[in-house]
Structures are given as C-alpha cells and as structure tokens.
There are 2 protein chains.
Amino acid sequence: MPASDDAARLRKQGYRLTPQRLIVLDVVKRGEGHLTADEVHAAVVPQHPYINIATIYRTLQWLQDVGLVAPLAIGTGPLRYEYVWGETHHHLVCQDCGYEQEIGDDILLALKEQLQSRYAFSAQLHHLAIPGRCSACQQNTDSKDARPAQEHDV
Amino acid sequence: MPASDDAARLRKQGYRLTPQRLIVLDVVKRGEGHLTADEVHAAVVPQHPYINIATIYRTLQWLQDVGLVAPLAIGTGPLRYEYVWGETHHHLVCQDCGYEQEIGDDILLALKEQLQSRYAFSAQLHHLAIPGRCSACQQNTDSKDARPAQEHDV
DNA sequence: ATCTATGCAAATAATTTGCACAGCA
DNA sequence: TGCTGTGCAAATTATTTGCATAGAT
C-alpha cells in the first residue's frame, strides 16, 4: 500500500496535499513503533528543514481526521501516533523490557461479543496497547517491588 | 474499607501520613469517575486551602507507588486517577454520550488466558477503559459528523 | 484567483523541580 | 530532633492558537 495510494485517495476526496503532509504521513507510516509529535518532527526535519512543530501537530490531527493515523494512549507521557493499516491490530507491551509484539484483532473478538451480549455495549477497540510481561521477563522470577517502605524504582 | 484502614496500613509500612495525603486519598476514593490532578486539587482546596498543585501531583505519584490509585489513560488530555479498590474492574465508556459503566474483571479472564497460551504473555489489565457505544447510542443510527469527504468512526 | 495550510511566535496546558521551612514520627 | 513532605515559584514539557503569507488546486 504505497503512500501514493493514500495520496490519490485524499486528493480525490478534496483534501489539499502539501509536501509537509506527505512527509509526515510517510514518517508515521514507516516509523516502527509509535512516535510522539516530537519524534515525528525530528524525523521530518532532515527532509523538510523549516517545518514547524505546530504543523506536525496540525498534520497529525488531520491525519487522524482522515483516518490514516491513530493516537495510542500508552499510559503516561506525550501522545503517540501510529499509521493505521488496513487491518486492526493491537500490541503487547512488556513493562519490564519494553518489548512490543503486534497481535491480530481476532483475539479480541470474543471479548467484543461478550460485551455486546452482556452489556449491549459495542466496543471500539481499534488499537489497544496491552501491558504485561513477556515470556522472558516472566521467568526472571524477580522479587520486585518487595518494597521495604521506601525507595521507589522509577 | 474506610480510609483509616489504608491509613493504618501505610503508617505500619513506615510511610508518613500528612493531612494532605489523607485528604487527597479521600478525594480520589470518593470521587466518582476519574479525576485529573486539577480536579483533585479543586476538590481538596475547600478542606485544605493552601495545598499546592505540585503537592497533588507528588501525592498522586506516591499513591500510585503504594498501590492505592492508578492512572487511567483515557486517550487524549491529562491523566486521570482512580482509587484502586480491592477487586480489579474496568470501564465501558460511551464515546457518544459519555456514559460510563463499571464491569468486573472476569470478562477479561478468557482474553488473558489466550494471551498467555498463544503469546506466552502475561497481561496486566488492572484497569481498562474500553471505548465504544452504549446500547442507547447504538440505536441512534446517527449520521454523526458527516464529513464532506467520507466519515470514520472514531 | 481562491482558499487552505504553513511558519513563526506567543499563549495555554500539564507536569516537574529546587529550595527553604513546616511538621510527622 | 531528624528527615521527609510541603508550599512557592520557576522551569520544563506538551499542545494550541492568531495572524500574515506561501502555496496547492
């Protein structure tokens, strides 16, 4: 799904395509993981030196509006953005080592169905970051937060 | 589970209990829904006029460290905090009307098991906000923000 | 030519930190 | 009394907005 595809679609839909928008889209698309506005900006600068951080924010907002990127609430810190590929997917994020794994949407189907049948609630889980521990880190049995009464890990 | 319970536990664990901490804890505990730092501050002021917003942030951080409150990433905007009751629970948040419903943890058990067996991943879904549409809003077939180009569900 | 997007700068939010003093254990 | 927590103010960080102009269609 080349960028030109998105571009053609957007142009046809009457949106104005500027180099800034194309570059930002490209960066978000090829950026692995999830980028903050700042990271996107840094990645764009080499190709478009005078681009302003405000434009990044505006463009990311616009890309959300047209459905090409989605923000990912990853807990604390600044918002992160990711390109929305055709198929919905989710992420497993290891809280110990930071490892991320992408998983399909199918695993949430059962959950969605249950929410619908039990609560008549139609869940919109487009893009979920599921925190936890990966297999490797589960084995480090570790006696973490056996906290004596102070000293907090950060 | 009266606040004094938590207080006793914390004192026993060697933490220092100040009126500020007790009031903040109390506010978060009785505050329905999820409060931002600012909202907590506003709620505390009547009882403790000179409390500073920085203290709120520090206290909320501390309450997280001792496991009494948890931050809830509710998408965009400032972080929200909620008291952690004994049993884990989650929330259904309607994106149309804002209605929130609390649901038990059991509905996620199957999901957790699948993640464990398929990905060897131990999910930590302490506190999940699940966006979607409630039954009432599903019926308003809605032609919401009919954007000239097309339209995406959010 | 028209109208929207951009750059710039400044405003606003949201959160953190340094430091001297207050107050809990 | 000895530390730790607090208030205050200022520093950071994150995001948004007004306005004149550049640039896409």
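Order of the sequence lines fixes the chain letters, A, B, ..., with proteins taken first and strands second; residue numbering starts at 1 for each chain.
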Open item on the list: Check whether B:Q114 reaches the backbone of B:L111 with its side chain - one donor and one acceptor, N or O, closer than 3.5 Å.
Closed with: no
- [ ] Ignoring hydrogens and angles, tell me if any N or O in the side chain of B:R21 forms a donor-acceptor pair with the backbone of B:R16 under 3.5 Å.
- [x] yes
Open item on the list: Within the 4.0 Å heavy-atom criterion, would you say B:R21 contacts the bases, only the backbone, or no part of the nucleic acid?
Closed with: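 Answer is sugar-phosphate: B:R21 comes under 4.0 Å of backbone atoms only.
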Quick one: [X] [atom1] to [N] [atom2], roughly how many Å, whole number?
X	N	atom1	atom2	result
B:L60	C:dA14	CG	C1'	13 Å
B:R11	D:dG5	CZ	P	14 Å
B:Y57	D:dG7	OH	P	15 Å
B:L10	D:dG5	CG	P	12 Å
A:I23	C:dT6	CD1	C1'	13 Å
A:R58	D:dT17	CZ	C1'	8 Å
A:Y81	D:dA14	OH	P	12 Å
A:Y15	C:dC3	OH	P	18 Å

Task: B:D105/B:K112 ion pair, N-O < 4.0 Å - done: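 Yes.
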Open item on the list: On DNA chain C, compare the nucleotides closest to B:D38 and A:T59; which residue's is nearer the 5' end?
Closed with: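 Checking each residue's closest nucleotide, the 5'-ward one belongs to A:T59.
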Open item on the list: Here's a test of your reading of the structure: between B:P19 and B:A37, which maps to the more 5' nucleotide of DNA chain C?
Closed with: B:A37
- [ ] Return no unless some side-chain N or O of B:T55 is found under 4.0 Å from OP1 or OP2 of D:dG7.
- [x] yes
Open item on the list: Is there a side-chain contact between B:Q20 and the phosphate of D:dG7, meaning an N or O under 4.0 Å from OP1 or OP2?
Closed with: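 Indeed, a polar side-chain atom of B:Q20 lies that close.
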- [ ] Assess whether one donor atom and one acceptor atom, taken from the side chain of A:R16 and the base of C:dT4, lie less than 3.5 Å apart.
- [x] yes
Task: Selection: residues 44-52 of chain B, any non-hydrogen atom under 4.0 Å of DNA chain D - done: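 Result for residues 44-52 of chain B: B:H48, B:Y50, B:I51, B:N52, sorted by number.
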Open item on the list: To the nearest 0.5 Å, what is the distance between NE2 on B:H90 and CG on B:L108?
Closed with: 4.0 Å
- [ ] Look up atom CD1 in A:I23 and atom OG1 in A:T59, then write down how far apart they are to the nearest 0.5 Å.
- [x] 10.0 Å
Task: Test item: side-chain donor near acceptor, A:D6 and A:Y83, under 3.5 Å - done: yes
Task: Connected via hydrophobic side-chain network under 4.5 Å: B:V45 and B:L60 - done: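 Yes; B:L60 is reachable from B:V45 via cluster members.
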